[in-house]
Amino acid sequence: MVVTMAFFDKVTDKAREIADSAKINVKIAEEKRRIVDLKEQAGILVWSKYCMGEVTDKDIVAICEQIKASYEAIDALNDELINRVRNKQTEPADADPTLDMQDDIKCTQCGASLTKDQKFCGNCGAKAPEPPKKPICNGCGAELSEGQSFCSSCGLKC
């Protein structure tokens with residue numbers, strides 16, 4: 001029975017070593033995830049400072065210019081998609097206000113496209129410009145199209 005107890009002691013010790021190693025590996029993985037998160041935060045901070053003109057290091061500026069070029073390429077591709085939708089559209093644009101893409105707003109700091117609902121730029125954190133206000137009917141409050149003489153909801157002269 002002494003041989004059996006020694007065997008179980010060795011197995012227990014080995015299991016404890018494996019468990020301790022696993023705990024250490026979990027801690028290592030947590031630290032690696034933390035590093036990735038911190039690098040992402042650092043990148044966002046650097047991008048924000050670049051957009052505000054506060055970055056002068058030529059290597060960082062070069063990377064930020066590549067990012068800006070990618071944003072511009074995305075904007076151009078989005079514009080292409082918008083034009084395709086408009087070209088395929090068979091009814092007037094004002095018939096479906098969700099298809100009216102004239103609400104596209106550009107960030108004044110980095111040039112990224114913003115939606116009319118955004119209050120701050122998601123790329124650089126700059127305050128979004130106020131979207132141009134569309135005219136509304138004084139009688140019923142309905143939104144009016146540019147150049148419209150009469151409200152299509154209540155008939156009031158605009």
Side-chain angles (χ1 to χ4, degrees), residues 13-138 140-149 151-153 158:
D13 289 344
K14 190 64 175 175
R16 190 172 289 126
E17 285 179 35
I18 292 171
D20 289 344
S21 294
K23 288 178 185 177
I24 292 170
N25 282 325
V26 166
K27 289 179 181 179
I28 289 170
E30 288 172 353
E31 289 299 323
K32 285 182 178 181
R33 278 191 298 275
R34 184 170 184 260
I35 289 169
V36 169
D37 289 344
L38 290 170
K39 283 182 176 180
E40 183 179 352
Q41 289 176 20
I44 291 169
L45 179 63
V46 168
W47 175 251
S48 176
K49 289 190 177 287
Y50 167 80
C51 290
M52 291 187 280
E54 297 177 7
V55 176
T56 57
D57 182 275
K58 67 179 182 171
D59 295 330
I60 295 174
V61 168
I63 292 170
C64 289
E65 286 174 353
Q66 291 175 27
I67 293 169
K68 185 176 180 182
S70 290
Y71 278 124
E72 290 169 353
I74 290 169
D75 287 343
L77 292 168
N78 279 330
D79 289 344
E80 184 178 335
L81 285 173
I82 291 167
N83 288 333
R84 286 176 181 244
V85 169
R86 284 185 181 160
N87 289 339
K88 289 184 180 183
Q89 202 174 359
T90 57
E91 57 188 49
D94 57 315
D96 184 2
T98 61
L99 294 176
D100 186 9
M101 298 299 188
Q102 301 216 352
D103 292 330
D104 191 35
I105 302 166
K106 300 283 186 192
C107 174
T108 55
Q109 292 293 320
C110 70
S113 288
L114 307 174
T115 64
K116 64 182 177 181
D117 299 328
Q118 283 182 263
K119 296 190 184 336
F120 294 91
C121 177
N123 296 318
C124 71
K127 185 171 170 61
E130 290 292 323
K133 298 199 183 212
K134 294 193 175 187
I136 58 168
C137 174
N138 291 332
C140 69
E143 194 173 286
L144 303 173
S145 298
E146 183 122 0
Q148 191 173 348
S149 299
C151 177
S152 57
S153 295
C158 302

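Owing to the predicted nature of the structure, the values given are computational and were not obtained by experimental measurement.
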Student: Indicate yes or no: at least one non-hydrogen side-chain atom of Leu114 is less than 4.5 angstrom from one of Pro129.
Tutor: yes

Student: Looking at Ser21 and Glu17, would you say the former's side chain and the latter's main chain have a donor-acceptor pair under 3.5 Å?
Tutor: yes

Student: For the residue pair Ile82 and Asp79, establish whether any side-chain heavy-atom pair is separated by less than 4.5 Å.
Tutor: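 Side-chain contact under 4.5 Å: yes.
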
Student: Does any part of the side chain of Tyr50, heavy atoms only, come nearer than 4.5 Å to the side chain of Gln109, both counted from C-beta?
Tutor: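 They are not in side-chain contact.
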
Student: Charged N to carboxylate O below 4.0 Å: is that the case for Glu30 and Arg34?
Tutor: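 No.
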
Student: Under a 4.5 Å cut-off applied to non-hydrogen side-chain atoms, are Gln41 and Leu38 in contact?
Tutor: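 Sidechains of Leu38 and Gln41: in contact.
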
Student: According to side chain to side chain contact (heavy atoms under 4.5 Å, CB included), who are the partners of Lys32, at least two apart in sequence or on a separate chain?
Tutor: Ile28

Student: Out of curiosity, Glu65 CD to Glu72 CD, how far, rounded to the nearest 0.5 Å?
Tutor: 10.0 Å

Student: When you look at Val36 and Glu40, which way does the side-chain contact (heavy atoms from CB on, under 4.5 Å) test go after all the steps?
Tutor: CA-CA 6 Å; Val36 169; Glu40 183 179 352; 5.5 Å; no

Student: Taking all heavy atoms of Val46 and all of Cys64, pick out the closest pair and write down the distance.
Tutor: CG1-SG, 4.2 Å

Student: Is the closest side-chain heavy-atom distance between Lys49 and Ile60 below 4.5 Å?
Tutor: no

Student: So, for Cys110 and Asn123, which heavy atoms are closest and what is the spacing to 0.1 Å?
Tutor: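 Result for this residue pair: SG-CB, 4.0 Å.
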
Student: Quick one: SG on Cys124 to CE on Met52, what's the gap to the nearest 0.5 Å?
Tutor: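 So the SG of Cys124 and the CE of Met52 are separated by 7.5 Å.
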
Student: Look up atom CD1 in Ile67 and atom CH2 in Trp47, then write down how far apart they are to the nearest 0.5 Å.
Tutor: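 The CH2 atom of Trp47 is 5.5 Å from CD1 of Ile67, to the nearest 0.5 Å.
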
Student: Could you check whether any side-chain heavy atom of Leu77 comes within less than 4.5 Å of a side-chain heavy atom of Leu81, counting everything from C-beta outward?
Tutor: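 Leu77 does not reach Leu81 side chain to side chain.
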
